[in-house]
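This is a predicted model, so every value here is computed, not measured.
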Amino acid sequence: MARNKFLPSAPTMGIWVAALIIGCLGIFVHYFPVKELSKYSYEMLLIGFVLLIIGTAYRRV
């Protein structure tokens with residue numbers, strides 16, 4: 001039987017907070033247009049999600 005080499009871990013508090021802030025900001029500017037930020041709402045959500053993936057996939061990041 002193959003061993004599971006991917007053992008997810010909880011992201012550090014800094015990565016988690018940064019991902020949360022960026023993701024919430026992306027959602028906020030999607031529904032409440034802000035002149036310069038609204039065009040980047042999708043990218044902000046994507047960056048927040050990628051930060052959570054990196055923080056979960058690698059230990060001590």
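- Distance alone, capped at 3.5 Å, is enough to place a donor-acceptor pair between the Ser38 side chain and the Val29 backbone.
- Across all their heavy atoms, Gly26 and Ser41 have their closest contact at O-CB, 3.4 Å.
- For Phe32, the ring pair (Phe, Tyr, Trp, His ring centres under 6.0 Å) test picks out Phe28, with sequence neighbours left out.
- By the 4.5 Å side-chain criterion applied to Ile, Leu, Val, Met, Phe, Trp and Tyr, Ile21 is assigned to a cluster that also includes Met13, Trp16, Val17, Leu20, Leu52.
- Between Gly48 and Ala19 the shortest heavy-atom distance is O-CB, 3.3 Å.
- Residues satisfying the ring pair (Phe, Tyr, Trp, His ring centres under 6.0 Å) criterion with Tyr40, sequence neighbours excluded, are absent altogether.
- Here Leu37 contributes atom CG and Met44 contributes atom CE; the two are 5.0 Å apart, rounded to the nearest 0.5 Å.
- Pairs engaging residues 11-34 under the salt bridge (Lys or Arg N to Asp or Glu O under 4.0 Å) rule: none recorded [sequence neighbours left out].
- For residues 39-56, the set of pairs meeting the salt bridge (Lys or Arg N to Asp or Glu O under 4.0 Å) definition, not counting sequence neighbours, comprises Glu36-Lys39.
- The distance from atom CD1 of Ile15 to atom OG1 of Thr56, rounded to the nearest 0.5 Å, is 10.0 Å.
- Alongside Phe49, the hydrophobic cluster contains Ile53 (criterion: ILVMFWY side chains under 4.5 Å).
- Leu45 CG to Cys24 SG: the interatomic distance, rounded to the nearest 0.5 Å, is 9.0 Å.
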